[in-house]
Number of protein chains: 2
Amino acid sequence: MKDTTSDTPLGELINQVRLLFHQAVSTGNQLHRDAGISMSMRAVLEQLAQYGATSVPDMARRRNVTRQHIQQIVNDLLEAGLVTQTLNPAHKRSHLIAMTPDGERLFENMRERERAFYTSLATELDGIDLTQLANDLAAVRAAIASRAEQIDTVST
Amino acid sequence: MKDTTSDTPLGELINQVRLLFHQAVSTGNQLHRDAGISMSMRAVLEQLAQYGATSVPDMARRRNVTRQHIQQIVNDLLEAGLVTQTLNPAHKRSHLIAMTPDGERLFENMRERERAFYTSLATELDGIDLTQLANDLAAVRAAIASRAEQIDTVST
DNA sequence: CCATTATGACAATATACTTGTCATGAAAGA
DNA sequence: TCTTTCATGACAAGTATATTGTCATAATGG
């Protein structure tokens, strides 16, 4: 079973990254579908759980996406009552986003489900150093990003 | 510099996969933007270059996506004159998709550009076994996919 | 104080997909 | 052969993740 359509190592890696990305999003959404939570919303909740109350622009900067994108997700979470706006001592206009008790409860449930799912994969993932894998991917990404900056219609 | 928002190895891996996926798509589009080719179109062209003329459903099966999705891309490529429909000896109704000379020329240009880009990354990627990385990702994906099948509102 | 930058709010667009439907042509079994 | 089932093409709409653009206003920094 050949899943590749590429003939260069990097091309093949990117190909696998794409496949795994879609699998992960799809499985993640499936896992949490009854909670009405998308993977994007999950990512925002995770930041709040990990770093505490954060402003929208700061979350965007941390994830390297546009503030508008985070704003959309946060608006959905606000509507769902999973986060609230609190005063930002450092900014009068830009309030901090914080999890509500409901949000915390829901997120913990999600984590529980994920833990169970991860655990069930233990056998299949035996022999793969996931942390090393993640580090290598980060290195590849950094390399690509640094070169990509230099592209400026350098076409053939 | 911490790019993670996760605290489990698998979660962190998925996180890096997402980041690299977006970086790759964005860089790929940037690299080929003057050619008017998206990464989806590129993937179809690559299949045709690698396997020769193929029917739409077969390409979809090979990439594990819906035939409708491939059809959309192929329609765009047809409109751009980069591929044509040829008679399928094995099927009267389902024609084969083949690259036109224009398509082949364009694809070769793209590959040339990519090769140059990859080469410029050699130093940064030194010490990383991209092939091993790709294989490991494929294994992780297979593990997730096999478990995901079993999810059926197994919520907490 | 004034110019620049940051934020929020709103809108539109892009990309890579999916699901759904329907007519028809092809394949497979009774 | 007949007929039921499956595959394909054509078309439509929707989803998920994210982007770019614009505008008014608030905050910051020289």
Side-chain angles (χ1 to χ4, degrees), chain A residues 5 14-15 17-33 36-44 46 54-79 83 85 87-97, chain B residues 5 14-15 17-33 36-47 54-61 63-79 85-97 148:
Chain A
T5 55
I14 299 304
N15 202 35
V17 162
R18 176 179 56 75
L19 290 167
L20 180 49
F21 172 75
H22 287 303
Q23 179 67 59
V25 167
S26 144
T27 303
N29 285 333
Q30 194 183 351
L31 203 57
H32 301 307
R33 81 172 130 26
I37 296 293
S38 72
M39 290 309 271
S40 296
M41 290 162 93
R42 186 200 171 288
V44 167
E46 187 163 58
T54 314
S55 75
V56 164
D58 280 348
M59 284 194 273
R61 278 186 282 266
R62 202 138 59 195
R63 276 194 54 198
N64 216 40
V65 295
T66 60
R67 71 196 161 81
Q68 288 90 335
H69 175 48
I70 299 294
Q71 188 72 57
Q72 290 169 338
I73 300 165
V74 164
N75 288 345
D76 290 345
L77 290 171
L78 283 167
E79 207 175 321
V83 301
Q85 300 178 328
L87 286 183
N88 188 347
H91 260 256
K92 240 164 256 169
R93 212 179 161 209
S94 180
H95 22 237
L96 295 177
I97 307 301
Chain B
T5 55
I14 299 304
N15 202 37
V17 163
R18 176 178 56 75
L19 291 168
L20 180 49
F21 172 76
H22 288 304
Q23 180 66 61
V25 167
S26 144
T27 304
N29 286 333
Q30 194 183 351
L31 205 55
H32 302 306
R33 80 171 129 27
I37 296 291
S38 71
M39 289 309 270
S40 297
M41 290 163 94
R42 186 200 170 286
V44 165
L45 291 179
E46 188 163 56
Q47 277 209 52
T54 314
S55 74
V56 165
D58 281 348
M59 282 193 274
R61 279 185 283 264
R63 276 193 54 197
N64 215 42
V65 295
T66 61
R67 71 196 160 81
Q68 288 91 333
H69 175 48
I70 300 294
Q71 189 71 58
Q72 289 170 338
I73 300 164
V74 165
N75 289 345
D76 290 344
L77 290 172
L78 282 168
E79 206 175 324
Q85 300 178 329
T86 69
L87 286 183
N88 187 347
H91 261 255
K92 241 164 254 170
R93 213 181 161 209
S94 179
H95 24 236
L96 295 178
I97 308 301

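Proteins come first, then strands; the chains are lettered A, B, ... in the order of their sequence lines, and each starts at number 1. Remember, predicted model here, so these are calculated numbers, not experimental data.
Remark: A:Q85 pairs with A:L78, A:H95, A:I97 by the side-chain contact (heavy atoms from CB on, under 4.5 Å) rule, at least two apart or across chains. Remark: A:Q71 engages A:N75 in a side-chain hydrogen bond (donor to acceptor under 3.5 Å, both in side chains) (not counting sequence neighbours). Residues passing the side-chain hydrogen bond (donor to acceptor under 3.5 Å, both in side chains) test with B:H69, sequence neighbours excluded: none. Checked against side-chain hydrogen bond (donor to acceptor under 3.5 Å, both in side chains), B:T54 has the following partners two or more places apart in sequence or in another chain: B:R62. A:D58 pairs by the side-chain hydrogen bond (donor to acceptor under 3.5 Å, both in side chains) definition with A:S55, A:R61, not counting sequence neighbours. Annotation: ring pair (Phe, Tyr, Trp, His ring centres under 6.0 Å) contacts of B:H22 (sequence neighbours excluded): A:F21.
The nearest whole Å value for the distance from the CZ atom in A:F21 to the C1' atom in C:dA16 is 9 Å. If you measure from atom CE of B:M41 to atom C1' of C:dC17, you get 16 Å, rounded to the nearest angstrom. Rounded to whole angstrom, the span from the CZ atom of B:R18 across to the C1' atom of C:dC17 amounts to 18 Å. For B:Q23 and C:dT15, the CD to P distance is 16 Å, given to the nearest whole Å. The nearest whole Å value for the distance from the CZ atom in A:R42 to the P atom in D:dA18 is 13 Å. Regarding A:I14, its CD1 atom lies at a distance of 18 Å from the P atom of C:dT15, rounded to whole Å. Rounded to whole angstrom, the span from the NE2 atom of B:H69 across to the P atom of D:dA16 amounts to 16 Å. Atom P of nucleotide C:dT15 and atom CD1 of B:I37 are separated by 12 Å, given to the nearest angstrom.
Nearest to the side-chain atoms of A:V65 among the listed nucleotides C:dT18, D:dT19, D:dA16 stands D:dT19.
Between A:R63 and A:A43, the shortest heavy-atom contact is NH1-CB, 3.4 Å.
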A correct 5'-to-3' footprint of nucleotides 4-14 of chain C, with B, S and - meaning base, sugar-phosphate only and no protein heavy atom under 4.0 Å, is --BBBBB-B--
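For A:H22 and C:dC17, the shortest distance from a side-chain N or O to OP1 or OP2 is below 4.0 Å. In terms of phosphate contacts, A:R63 brings no side-chain nitrogen or oxygen within less than 4.0 Å of OP1 or OP2 of D:dT17. For B:S40 and C:dA16, the shortest distance from a side-chain N or O to OP1 or OP2 is below 4.0 Å.
Across the helix from C:dC1-D:dG30 to C:dA30-D:dT1, the helix axis at one end is tilted relative to the axis at the other end by 30° (nearest 10 degrees, each axis from five pairs).
A:T66 comes within contact range of at least one nucleobase, with a heavy-atom separation under 4.0 Å.
With a 4.5 Å cut-off on side-chain heavy atoms, B:L96 and B:L87 do not count as touching.
A:N29 contributes a side-chain N or O that, together with a main-chain N or O of A:M39, makes up a donor-acceptor pair within less than 3.5 Å.
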